[in-house]
Amino acid sequence: MTGTPAHDASTSARALPKVTVTLDVEDLRPDHSLPERVVEMTNRVLDLFGEHEVRASVYVVGELAERRPELVLRAAAEGHEIGLHSWSHVPIPTRTPQTFSEECRRGRALLQDLSGQEVSGYRAPMMSLVPAAAWAVPLIAEAGFTYSSSVLPGPSPLFGWPGLPRQPFRWLNGPIEFPCPLVRMPGIDLPYLGGTYLRLLPSFVRRHGLRRAGTDEALWAYCHPWEFDPDEAFHPHQHIGMLASRVAWLRRSRMERQVRRMLGDPLTGPLGVVAAELSSEGTDLPVIDPKKPASAGRVARWADGRLRDR
Ligand SMILES: [Zn+2]
């Protein structure tokens with residue numbers, strides 16, 4: 001190979017920090033009389049991970065795991081970490097503390113039975129661990145989870161918790177939290193490694209975000225089986241509103257290509273491994289009291305929750 005290092009793709013790729021790949025396995029059909037596509041699409045994504053020899057964190061909705069245990073069995077057999085993506089994929093603030101706690105325990109026990117793994121990771125639906133659901137933090141730890149990746153640490157038109165650190169931190173009396181990575185773009189912080197952004201934005205935005213990431217950030221990307229499915233008919237997703245549902249439906253035919261590009265960049269192992277390393281190294285993480293959220297700020301007050309009811 002000739003050419004200057006500046007134009008050598010492999011050299012520039014090596015300069016990027018490593019990213020954990022995660023998959024949120026959920027069945028968002030509003031009506032179960034519609035065709036079920038989650039098994040086929042999850043298998044397609046797991047094929048893609050296998051092709052690229054990726055070890056991912058796979059968070060599965062409890063009631064889906066109960067109905068389609070083969071999804072958990074396959075992901076676990078192929079070496080992926082299994083975590084819980086709530087019991088029924090509704091935002092945490094819509095639950096009572098008691099129901100939330102019971103569902104966390106039930107979901108974790110089921111996934112442990114199916115996978116044969118110690119299940120240590122919890123991921124809230126739609127990053128819905130927000131100040132109004134601060135009561136959930138100790139319950140996540142009491143259910144046996146040692147880490148969570150459930151917050152968007154900035155203002156969000158859906159669910160966000162502005163003012164939280166961008167690097168991993170420990171909740172007071174709770175689990176380690178891996179906040180969703182954000183990049184500052186003019187006027188807005190974007191969760192640039194999230195499925196919608198992988199689908200809709202050019203790859204240079206992802207690379208721009210990765211190059212600007214702090215060295216103390218834990219970088220993770222997330223995607224969903226339905227994002228790889230251009231053939232599914234449009235239907236509104238409950239809890240995110242009509243506009244966000246439209247966005248979720250856009251440009252799905254592009255998703256596989258975009259994710260393949262990402263899988264060619266430097267990757268690291270599942271978040272459960274990162275959490276265990278942080279604990280065993282005794283790393284001093286910031287400690288955050290969920291009952292004392294940082295100031296939201298003007299932008300956050302304007303943006304917070306704007307799209308949920310559209
Ligand atoms: Zn989800």
Side-chain angles (χ1 to χ4, degrees), residues 20-30 32 34 36-39 41-42 44-46 49 56-68 71-72 75 80-95 100 103-104 106-108 110-111 119 121-130 133 136 140 145 147-153 156-161 177-181 191 193-200 220-229 232 235-250 252 255 259 270-271 305 307-308:
T20 292
V21 177
T22 78
L23 176 69
D24 294 351
V25 182
E26 58 203 29
D27 180 4
L28 295 184
R29 283 174 299 163
H32 278 214
L34 294 165
E36 183 190 69
R37 302 181 63 81
V38 65
V39 174
M41 299 317 302
T42 303
R44 195 178 295 181
V45 181
L46 292 177
F49 288 174
S57 294
V58 177
Y59 303 97
V60 188
V61 170
E63 65 179 14
L64 175 61
E66 191 173 56
R67 192 159 47 82
R68 298 287 181 221
L71 295 176
V72 179
H80 301 298
E81 177 199 7
I82 303 297
L84 182 65
H85 189 39
S86 78
W87 182 261
S88 56
H89 208 265
V90 294
I92 299 179
T94 66
R95 285 317 205 210
F100 177 77
E103 291 181 341
C104 281
R106 183 180 175 196
R108 181 165 180 264
L110 173 67
L111 294 179
V119 169
Y122 176 81
R123 171 163 298 165
M126 297 158 268
M127 309 291 159
S128 63
L129 186 53
V130 291
I140 293 170
F145 297 103
Y147 83 88
S148 156
S149 51
S150 301
V151 296
L152 193 156
S156 165
L158 289 170
F159 296 94
W161 193 323
E177 182 70 44
F178 292 108
C180 179
L193 297 176
T196 296
Y197 303 89
L198 295 177
R199 251 187 305 126
L200 299 185
W220 51 272
Y222 66 89
C223 54
H224 310 86
W226 48 263
E227 290 186 287
F228 294 77
D229 188 359
E232 186 182 45
H235 52 70
H237 298 292
Q238 220 183 346
H239 303 298
I240 64 171
M242 188 58 83
L243 182 56
S245 295
R246 285 272 169 205
V247 171
W249 189 64
L250 287 173
R252 292 181 178 184
M255 186 63 170
V259 170
L271 286 181
L307 282 181
R308 285 204 295 266

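Source: prediction; values computed, not measured. One-based numbering, in listed order, for ligands and for the atoms of each.
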Between His89 and His85, how do the two ring planes meet: parallel, tilted or perpendicular, split at 30° and 60°?
perpendicular
Gap between atom CG of Leu64 and atom OG1 of Thr42 - 0.5 Å precision:
7.0 Å
CG/Leu28 to NE2/His224 distance, rounded to the nearest 0.5 angstrom?
7.5 Å
2.8 Å cut-off met by an N, O or S atom of Asp24 to the Zn ion (ligand 1):
no
Under 2.8 Å from the Zn ion (ligand 1), is there an N/O/S atom belonging to His85?
yes
Atom of Glu227, atom of Gly195 and distance for their closest heavy-atom approach
OE2-C, 3.0 Å
To make sure I understand the geometry: which N, O or S atom in Glu26 is closest to the Zn ion (ligand 1)?
OE1
